[in-house]
Amino acid sequence: MEIDSGAAVENLATAEDWRKALSRVVPAVVVLRTTACRAFDTEPAGSGYATGFIVDKKRGIILTNRHVVKPGPIVAEAVFLNREEIPVHPLYRDPVHDFGFLHFDPGAVQFLEYEEIPFAPEAASVGLEIRVVGNDSGEKVSILSGTIARLDRDAPPYKRDGYNDFNTFYMQAASGTKGGSSGSPVIDCKGCAVALNAGSKTAGASAYFLPLERVVRALKFFQEDILESSLSKNSWQPVHIPRGTLQMTLMHKGFDETRRLGLKRETEQMVRQASPSTETGMLVVDSVVPGGPSHKLLEPGDVLVLVNGEVVTQFLRLEVLLDDNVGKHIDIELERGGATITVTLLIQDLHSITPNFFLEVSGGVVHPLSYQQARNFRFTCGLVYVADPGYMLSRAGVPKHAIIKKLAGEETSVLDDFIAVYSKLSRGARVPLEFLTYVDRHRSKSVLVTVDRHEWYAPPQLYVRDDSTGLWNVKPAISTTSAFSLSLFGSSNGEQQQLLSTYDNISTKEGSTVSVVNGVEKSCEGEATGSSGESVQASDAPIIESETKRRRVNNLLGGDGLANTDGTSDHFEHNIADNEVAEETVTIPASSASTAEHVIEPTLVMMEVHIPPSAMLDGVHAQHFFGTGVIVHHSQSLGLVAVDRNTVAISVSDVMLSFAAYPIEIPAEVVFLHPVHNFALVAYDPAALGSAGAAAVRAATLLSEPPLSRGDAVYLVGLNRSLQATSRKSVVTNPSVALNVGAADCPRYRAMNMEVIEVDTDFGHSFSGVLADELGRVQALWASFSTQVFCTL
């Protein structure tokens, strides 16, 4: 490698030359504080800091990296050298290369004299001494020195599922830049920017700089088309910068590698003669995006020889041809395995496959798949892409970066299809959703999605970027007339009054009910655990396996296997008083299970609780909980379930009930949370069970008197994840143990002023349910208590 003689002359610059250059440059460098309001395309939501520098003083234009400007909505401010803070707005971000522009009002800077930093991309050469001025490692101003070692480095790969630059060379120098220096100017001794700092290698001192040729072109479009006065008003005429693409990724390979790919010797000689003497290789196709202009015409390993009859061996020349001929056809001659092939391709507008809008639904972000992610994942551009699953989709198990193929059984090939199908769904509807992931691209996965029953989040909204202001305009995505009433029961005032009086009476009775101390559940902070004490996975679901339950359901359905599922029943009426009579006539099947287990099983439910991220109140430490509850009231118009507060922590929850007596899952509402004691009441609509389910389910008999004494025999009865009842006989060792739950680091609910029952044996922390006598009458809740576990290493 020869060092340019011009660079050697530049390196003779004295310390005084650098001092003068830096005195002009430093005031023009700003610290950028950015907050990405939403996840979008390649970037997650979050905040950070970076660097930028002023390239047009009169128009107020700041140059920085694309991954700083971000493709989605941001709120940003620039902090100048004298600590003046000025709001900035996105002006442009390149779809591929790592640069973008921000705009600020020049009149807002009142107390600082500064100059713009001129460009000198032609000055970059091997051996050139440079300085990187920026916000390195959080410092307001940091000046790092280095020497350019390479001009032809491949674009550095950043993330497999995030932003990556490609189809360009990068410069390399051992300047040791770190986080915060993104967007810093790389200057020479004359104070001119020769490159833009973009990334670095954390395991070494290498820094990577973006060449400025395409940056200069983009800036000229703004300077020619935008008046200075219009930018000062934070509103301007949108500027279109032509960008063309063939949706392919190229790599620059040396001549020795191209020969191994089948390049003919006479072709190599022709290329060497037509290229500068410093040329060392040719462009080779690395990958092609499905569905793009190059799909099925170009293949990995193809060596580009001629483009429109011109020998092209450099990224920059090819990009010039593409950007200047958007919408036109281009002829490419290439060699594939020693054979010469000529293809004609249509140059596509790069902006047309770069989304500038997104749908926000239930806290999630969905938008068309961008060219960047289509290249990463090898999918077709424009598919329905999940940038952030939010609450509704994550609750169903749809991950980030998923591609949605079907919703409610209908194809959703584009975002408009998804919106059209979603607009037909009512609140609380449960519909299938089919999706793909790039890690398992050949296998579709299907899940059940529950449309939000509550208004935890705003209705679906469509955000569209306004390039004349840098802001994002919002409008409703679907008509508001499709929303339906949220009432769980659809009850009249009289029925609502009955609901209030019922749970008031039960809470008085249950207030004296005690819980078992050996069943204390301890859940680590931040871990999604429920009353079972086991980590909750998104794919967990109750599975009905009991043959006894199948026989019971078949009997309820009748000989023809049909049942009334309209939710009405003229003869059905179950209340607590009726349960006491029913207990005397219950028939116990011949099995090894206890009498208490068979009696209590129809009164038990498995409860799954989801808490939306926007409602993480009162120190709630997780979003997903499982637990067992017991039905304490069951009538034609109302059902109530008692459960511990480690399962139902707050009332802002989505609760689903799965019944041990009947294979069905229905929604429920939290109607009461005891402020001190460890129990809550959850209401459900018995009509949702249908006539067969309503007949199979019944309320438990509560036995608060006489109180338990030392030596009394009790049965611990509960449900496992398969909704099968499990019981164990035990003996009371202490009927009145004072409970002491320690305070957590983050203030949250904890049970206080309670006495609990101690028994000689239990099921451990993976079990919850009730304590009952041998006739199946409930004497206490086998509850789970929320407490913080302090783990030490």
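This is a predicted model, so every value here is computed, not measured.
For the residue pair Asp654 and Trp456, a side-chain donor N or O sits within less than 3.5 Å of a side-chain acceptor on the partner. No donor-acceptor contact under 3.5 angstrom links the side chains of Arg375 and Ser287, judged on distance only. There is a side-chain donor-acceptor pair under 3.5 Å between Glu279 and Thr313. Tyr463 and Glu360 share a side-chain donor-acceptor pair at under 3.5 Å.
One distance of note links CG of Leu407 with OG1 of Thr412; it measures 6.5 Å at 0.5 Å rounding. The OG1 atom of Thr258 lies 9.0 Å from the CD atom of Glu335; values are rounded to the nearest 0.5 Å. Atom CG of Leu263 is separated from atom CZ of Phe255 by 8.0 Å, given to the nearest 0.5 angstrom. A distance of 9.5 Å separates CD in Glu319 from OG1 in Thr245, rounded to the nearest 0.5 Å. Here Ser444 contributes atom OG and Ile404 contributes atom CD1; the two are 12.5 Å apart, rounded to the nearest 0.5 Å.
Using a 4.0 Å cut-off between charged nitrogen and carboxylate oxygen, Arg214 and Asp323 count as a salt-bridge pair. Between Arg259 and Asp256 there is no salt bridge, since no side-chain nitrogen of the basic residue lies less than 4.0 Å from a carboxylate oxygen of the acidic one. Contact check on Asp152 versus Arg150 returns a salt bridge, with a Lys/Arg side-chain nitrogen under 4.0 Å from an Asp/Glu carboxylate oxygen.
A side chain to side chain donor-acceptor pair (under 3.5 Å) with Asp98 is found for one member of Arg66, Arg93, His67 and no other, namely His67. The ring pair (Phe, Tyr, Trp, His ring centres under 6.0 Å) with His367 is formed by just one residue from the set Tyr385, Phe418, Trp472; it is Tyr385.
In this structure, His351 contributes its side chain and Ile241 its backbone to a donor-acceptor pair below 3.5 Å. Here the side chain of Ser352 pairs no donor or acceptor atom with the backbone of Gln348 at under 3.5 angstrom. In this structure, Thr35 contributes its side chain and Ser47 its backbone to no donor-acceptor pair below 3.5 Å.
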Evaluate the side chain to side chain contact (heavy atoms under 4.5 Å, CB included) criterion for residues Met607 and Val655: first the C-alpha distance (whole Å), next the side-chain angles of each, then the deciding distance (0.1 Å), finally the verdict. CA-CA 7 Å; Met607 194 172 298; Val655 182; 3.5 Å; yes
Take Tyr170 and Tyr208 through the test ring pair (Phe, Tyr, Trp, His ring centres under 6.0 Å) and record every step on the way to the result. CA-CA 6 Å; Tyr170 267 65; Tyr208 307 121; 7.3 Å; no
